[in-house]
There are 2 protein chains.
Amino acid sequence: MTVLLDSPVKCSSCPIRHRAVCARCDEDELSILEGMKSYRTFEAGQLILWRGEPLTYVASVVHGVASLSKTLEDGRTQMVGLLLPSDFIGRPGRDEIEFDVTATTDVTLCCFDRAPFERLVDETPHVAQRLMELALDELDAARDWMLLLGRKTAREKIATFIEMLARRSHSENVLTTKVVLPMTRDQIANYLGLTLETVSRQFNALKKDGIISLTDRRHVDVLDYAALHEATGDDADGGVLS
Amino acid sequence: MTVLLDSPVKCSSCPIRHRAVCARCDEDELSILEGMKSYRTFEAGQLILWRGEPLTYVASVVHGVASLSKTLEDGRTQMVGLLLPSDFIGRPGRDEIEFDVTATTDVTLCCFDRAPFERLVDETPHVAQRLMELALDELDAARDWMLLLGRKTAREKIATFIEMLARRSHSENVLTTKVVLPMTRDQIANYLGLTLETVSRQFNALKKDGIISLTDRRHVDVLDYAALHEATGDDADGGVLS
DNA sequence: CGGGCTTTTGACGCCGCTCAAAGATAGTGG
DNA sequence: CCACTATCTTTGAGCGGCGTCAAAAGCCCG
């Protein structure tokens, strides 16, 4: 069930303070947001918002992973975005979204009612600018994904996926070799435009090649970053340290 | 070669006046833009901007079609966007782009130097808001395309492509049955994540089924809109009249 | 220990890719 | 105006990667 927590974390000690929609806000702006916000939590698997439904609030992801997905008439589905902590849900000036938003893991959201938030956007350029940056970041990510979906092989897709998670989950430039998979094989398949069987086979193929090891179903250990990047099909310069 | 025309069309009689980045501008704002703009034309096939190059200007497409594309190490390429008249090239706050921009047909751009344009964006909310809308529109389009690339069959891809062109090219709610293909089979293949042979075969399959007819290589005549939509795999409600 | 879920593994078939060649079409120069 | 050429498109034959179907194995939680 959706849970409304009465005491959200203070903005000043919020883990996503410097990356979320509030990143550029000064103290005054922050205290306005502080007054508007509330936390909501969702269990893994819950629908957070769905296509066509009027959007009553917008939110930042604080903890956990959510996903955006679209579905064809006959039920085939494709994830069109992954929302990690600091990512934003909802869009200024629209009152519907065109996809479903689902909690992939347990999720905590920092929510703002739409009307007051939009007023704030109109008045504070810091928020509007940051929103624009976030939208453009998403657009870049979407385009990388289009290349992946349209042209990469199953093996390249899996390698790219692991590399992306490694890049986004390492803390402060320290490159960790342990990667946590925030989703099941089935969800990974929907993200990569594959079937779950193919996902499983390719994970094991990378393992057999000594590029990764699979400690348990949710944990990948990257043994050879160079080989992993090689397997993504991307240019050499797009490597891990960039 | 790039041609700089010394006398661009006046904004007030510009064909994209009400849809481009300037859509919400009032007379005063428009005259500022008028003073900043210049036209550039490119022949079909020319590179307009390329990945990693510093971005010296931003622009609106006035006539023609341009495309955004990304390339893998071994040369496989995927179009990640189609720019039709009124679409915008370039992004505030970034000095590089992550893809190549190519003229698909002969193209006329309405260009603004980046520095003065960005100053204008900071000062006039009308432009900033419109830019945000355009970015979100592109994001929606990118996500539809992700569904197509990841989950649709070749036939569904072709049907979706034709339907999209029909929808974007008809003027003022009048549904034309004649659709002009602004690109070659090879370029269509790169847009849809297919090969040119498959594109050709699927066009002819739709023709054999009586859904379209092919007058010449650049012109499609839609004979049966309902059947075309059926062939896209999308939900019933996303039909032509929406 | 039992039941449901996720993952793995195998066998097989099909859609779309590859390779190849012939057929249109448009642009060029004689 | 027409032959010539380059480019684009169509068509065919064959193959392979990934999807489909099925069943077994592993894991988690009561």
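From a predicted model like this one, the values you see are computed outputs, not experimental measurements. First the proteins, then the strands, lettered A, B, ... as listed; each starts at 1.
- From one end of the helix from dC1(C)-dG30(D) to dG30(C)-dC1(D) to the other, with five pairs defining each end axis, the axis direction shifts by 40° (rounded to 10°).
- With respect to the salt-bridge test (charged N to carboxylate O, under 4.0 angstrom), the residues Arg201(B) and Glu197(B) do not qualify.
- Separating the CG atom of Asn190(B) from the P atom of dT9(D) is a distance of 12 Å, rounded to the nearest angstrom.
- If you walk DNA chain C from 5' to 3' and mark each nucleotide with an atom closer than 4.0 Å to a heavy atom of chain B, the marks span dG16(C) to dT25(C).
- Lys207(B) has its NZ atom 7 Å from the P atom of dT11(D), to the nearest Å.
- If Leu196(B) and Arg201(B) are placed on DNA chain D by their nearest nucleotide, the residue sitting closer to the 5' end is Leu196(B).
- The structure places CG of Leu109(A) at 10.0 Å from OH of Tyr39(A), a figure rounded to the nearest 0.5 Å.
- Nucleic acid contact for Thr184(B): sugar-phosphate only, since backbone atoms but no base atoms lie under 4.0 Å from a heavy atom of the residue.
- Of all heavy-atom pairs spanning Leu83(A) and Phe88(A), the tightest one is CD2-O, 4.1 Å.
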Candidate pair Thr160(B) and Lys157(B), rule side chain to side chain contact (heavy atoms under 4.5 Å, CB included), full reasoning: CA-CA 5 Å; Thr160(B) 306; Lys157(B) 287 177 176 181; 5.8 Å; no
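- As a whole-Å value, the separation of Leu149(A) CG from dC18(D) P is 13 Å.
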Evaluate Gln187(B) against Val199(B) for side chain to side chain contact (heavy atoms under 4.5 Å, CB included), listing each step before the verdict. CA-CA 10 Å; Gln187(B) 292 167 327; Val199(B) 170; over 6 Å; no
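- Atom CG in Leu194(A) sits about 8 Å away from atom P in dC18(D), given to the nearest Å.
- Minimum heavy-atom separation, Val58(B) to Gly90(B): CG1-CA, 4.1 Å.
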Just list the side-chain donor-acceptor pairs under 3.5 Å for residues 62-71 of chain A, sequence neighbours left out, or say none.
| residue | atom | partner | partner atom | Å |
| --- | --- | --- | --- | --- |
| Ser67(A) | OG | Thr104(A) | OG1 | 3.4 |
| Lys70(A) | NZ | Asp144(B) | OD1 | 2.4 |

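- We find that CD of Gln202(A) is positioned 9 Å from C1' of dG17(D), with the value rounded to whole Å.
- The nearest whole Å value for the distance from the CG atom in Leu181(B) to the P atom in dT10(D) is 10 Å.
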For residues 202-214 of chain A, run the donor-acceptor check on the side chains, cut-off 3.5 Å, and write out each pair with its distance to 0.1 Å, sequence neighbours left out.
| residue | atom | partner | partner atom | Å |
| --- | --- | --- | --- | --- |
| Asn204(A) | ND2 | Ser200(A) | O | 3.0 |
| Asp209(A) | OD2 | Arg155(A) | NH1 | 3.0 |
| Asp209(A) | OD2 | Arg155(A) | NH2 | 2.9 |

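- The minimum heavy-atom distance linking Glu98(A) with Arg51(A) is given by the pair O-CD, 3.8 Å.
- With Arg168(B) as the fixed residue, the side-chain contact (heavy atoms from CB on, under 4.5 Å) test singles out one of Leu82(B), Val179(B), Leu84(B): Leu84(B).
- The aromatic rings of Tyr191(B) and Phe161(B) sit perpendicular to each other, their planes meeting at more than 60°, with 30° as the lower class boundary.
- Near DNA chain D, meaning a heavy atom under 4.0 Å away, the residues from residues 150-161 of chain A are Thr153(A), Ala154(A).
- The residue Gly45(B) sits apart from the nucleic acid: no heavy atom pair falls under 4.0 Å.
- Between Arg94(A) and Asp140(B) there is a salt bridge, since at least one side-chain N of the basic residue sits less than 4.0 Å from a carboxylate O of the acidic one.
- The existence of a salt bridge linking Glu138(A) and Arg143(B) is confirmed by a sub-4.0 Å separation between a basic side-chain nitrogen and an acidic carboxylate oxygen.
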Within the 4.0 Å limit for protein heavy atoms, which parts of nucleotides 22-30 of chain D are touched? Write it as a string from 5' to 3', B for base, S for sugar-phosphate only, - for none. ----BS---
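- The side-chain heavy atoms of Ile89(A) and Tyr57(A), taken from C-beta on, include no pair separated by under 4.5 Å.
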